[in-house]
Amino acid sequence: MSLVAGQTYTLKISREVSPYGYFLSDGESEVLLHYTELVGSKPQVGNSVEVFIYYDSEDRIAATMKKPLLQLDELARLRVVDVHPKLGCFLEMGLGRHLLLPLSELPESVTYRPLPGDEVFVVMKHDKIGRLVAKIAFEEELSPLVFHAPDAWRNTWVEGWVTKTLQMGSFVIVDGGVIGFGVYGLIPSPDRTRALRLGERVRARVTFIREDGRVNLSMTERKEVGRVEDADRLLAFLKERPGGGMPYSDQTEAETIKQRFGISKSAFKRALGKLMKDGLVTQKGSWTYLASPDEPPAGAEGVEKE
C-alpha cells in the first residue's frame, strides 16, 4: 500500500526513535509520527493508531493523530488566517498548520480577494508534486448540496458567504441552519452597496425566488423603506457639512454617488426627492443645500420620479 497525503490510515507502530517520535508502517513503507503530533496517551510499539498523512514544512511525508477539518477531495468552509501577496491565502485546517489556497485560485482583482477572517468554500486537492492545497469550490461542487429556498424567505433578510465575486455580481451560499447546507444566491452588481470579497460574510434581502430554488438578493432595503433611510443619511450628511451644502445633486454621475454614499443613483434621487418634497433641502446648480426654514418646497417632482 502506498500512503497518500490527505487521507487517513490505521498504521502499526514499528519502532520508536527518540527524540523524534514513532515510525509507523503499512507493511511496505514507513512514516514518522512526531511526538508533537500525538493525541491522548502515549502509544506503545506494536499498537495500531489512526493517523492523517500530510507533507511537513520540509516537504517530507509525515503523520499526525490530529483530526483535519477536511480530507482529500472533501469540501469544507475554511477560515483565512493569513494572506501572502505572492503565494495566496493560508487556511485553518485544524492541524496547527495551514492549507494553502494558491494565488492562481484567487480573483484577478485584489479588491475581490479574501482577507483574514473571511471563510471560503474549498476542496482539498494535490498540487503537481503531491502536496496538499485548496481549490475554490465552484457551482459543480456546491450545487448538489444546496436546497430550494422556501417561499417564506421572500423579502426577508438572510446571511451567507460569498463563493464567487465578479463585476456582474456576487454568488452567495445563504445559511441553511438546521434546514440544510444552504441556498444558492446571486447579488447582482446594481444590488451591491460595495464590492464584495470572496469568502466575505454578507447580509442581504431575498428579492426573488427562482423556479430552480435559487434566490436573487439585494443589500438594500425595499424602495419605500430604503427611501426614508437614505433620506435620513443624506440629511445627516448635509447637517455636518460646512454651510449645509454638498457638491452632489440629481445630475451627479451614478458612479460618484455609489462611491460616496454606497447607494445607486436612483436610490439617491428618491431620497433627494423626499427631502425636497418635505422642504428640507434645495438644489442650486450641481449643489444641494439645506433649505432655509421659510423656503417653500420646490423642484421635487422631477427628482422623485426617476
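Predicted, not measured: the structure shown is a model, and the values here were computed from it.
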Set out, in order, the CA-CA distance, both residues' side-chain angles and the distance that settles side chain to side chain contact (heavy atoms under 4.5 Å, CB included) for Trp157 and Arg205, then state yes or no. CA-CA 4 Å; Trp157 287 84; Arg205 178 174 55 87; 3.8 Å; yes
Going by an N to O cut-off under 4.0 Å, is there a salt bridge joining Arg79 and Asp118? no
Quick check: does any side chain N or O of Asp127 sit under 3.5 Å from a backbone N or O of Ile129, one acting as donor and the other as acceptor? yes
Go through the structure and list residues passing salt bridge (Lys or Arg N to Asp or Glu O under 4.0 Å) with Lys67, not counting sequence neighbours. Glu50
Do Thr282 side-chain atoms and Ala291 backbone N/O form a donor-acceptor pair below 3.5 Å? no
Can you establish whether the number of heavy atoms outside Glu140 located under 6.0 Å from its atom CD is more than 12? yes
Any ion pair linking Glu119 and Arg201 (charged N to carboxylate O, less than 4.0 Å)? no
Is the backbone of Ala62 close enough, under 3.5 Å, to the side chain of His34 for a donor and an acceptor to pair up by distance? no
Given Tyr9 and Phe52, is the ring pair (Phe, Tyr, Trp, His ring centres under 6.0 Å) satisfied, shown in steps? CA-CA 6 Å; Tyr9 297 87; Phe52 178 77; 9.3 Å; no
Report yes or no: do Ile173 and Ile187 belong to one cluster of Ile/Leu/Val/Met/Phe/Trp/Tyr joined by side chain heavy-atom distances under 4.5 Å? no
Please tabulate, one pair per line, all N/O donor-acceptor pairs under 3.5 Å involving side-chain atoms of residues 82-105, not counting sequence neighbours.
residue, atom, partner, partner atom, Å
His84, ND1, Lys86, N, 3.0
His84, ND1, Leu87, N, 3.2
Glu92, OE2, Gly94, N, 2.7
Arg97, NH1, Leu95, O, 3.4
Arg97, NH2, Glu37, OE2, 3.2
Arg97, NH2, Tyr54, OH, 3.3
Glu105, OE1, Ile136, N, 2.8

Regarding Arg214 and Ser143, do their side chains bring together a donor and an acceptor under 3.5 Å, going by distance alone? yes
Does OH belonging to Tyr20 count more than 12 external heavy atoms closer than 6.0 Å? no
Treating Thr207 as the side-chain partner and Asn216 as the backbone partner, does any N or O pair qualify as donor plus acceptor under 3.5 Å? yes
With distance as the sole test, does Arg194 use its side chain to make a donor-acceptor pair with the main-chain N or O of Gln259 at under 3.5 Å? no
Residues Thr252, Lys269; criterion side chain to side chain contact (heavy atoms under 4.5 Å, CB included); working and verdict: CA-CA 10 Å; Thr252 303; Lys269 292 175 75 172; over 6 Å; no
Side chain to side chain donor-acceptor pair (under 3.5 Å), that's the test. Do Tyr35 and Glu16 meet it? Break it down for me. CA-CA 10 Å; Tyr35 288 132; Glu16 181 178 1; 2.6 Å; yes
Would Phe268 and Tyr248 count as a ring pair (Phe, Tyr, Trp, His ring centres under 6.0 Å) if you check the C-alpha gap in whole Å, the side-chain angles of each, and the deciding distance to 0.1 Å? CA-CA 10 Å; Phe268 176 81; Tyr248 312 107; 7.2 Å; no
Determine, for Asp230 against Arg270, whether the closest basic-nitrogen to carboxylate-oxygen distance falls under 4.0 angstrom. no
Rounded distance [0.5 Å steps], CG in Asp250 versus OG in Ser266: 13.0 Å
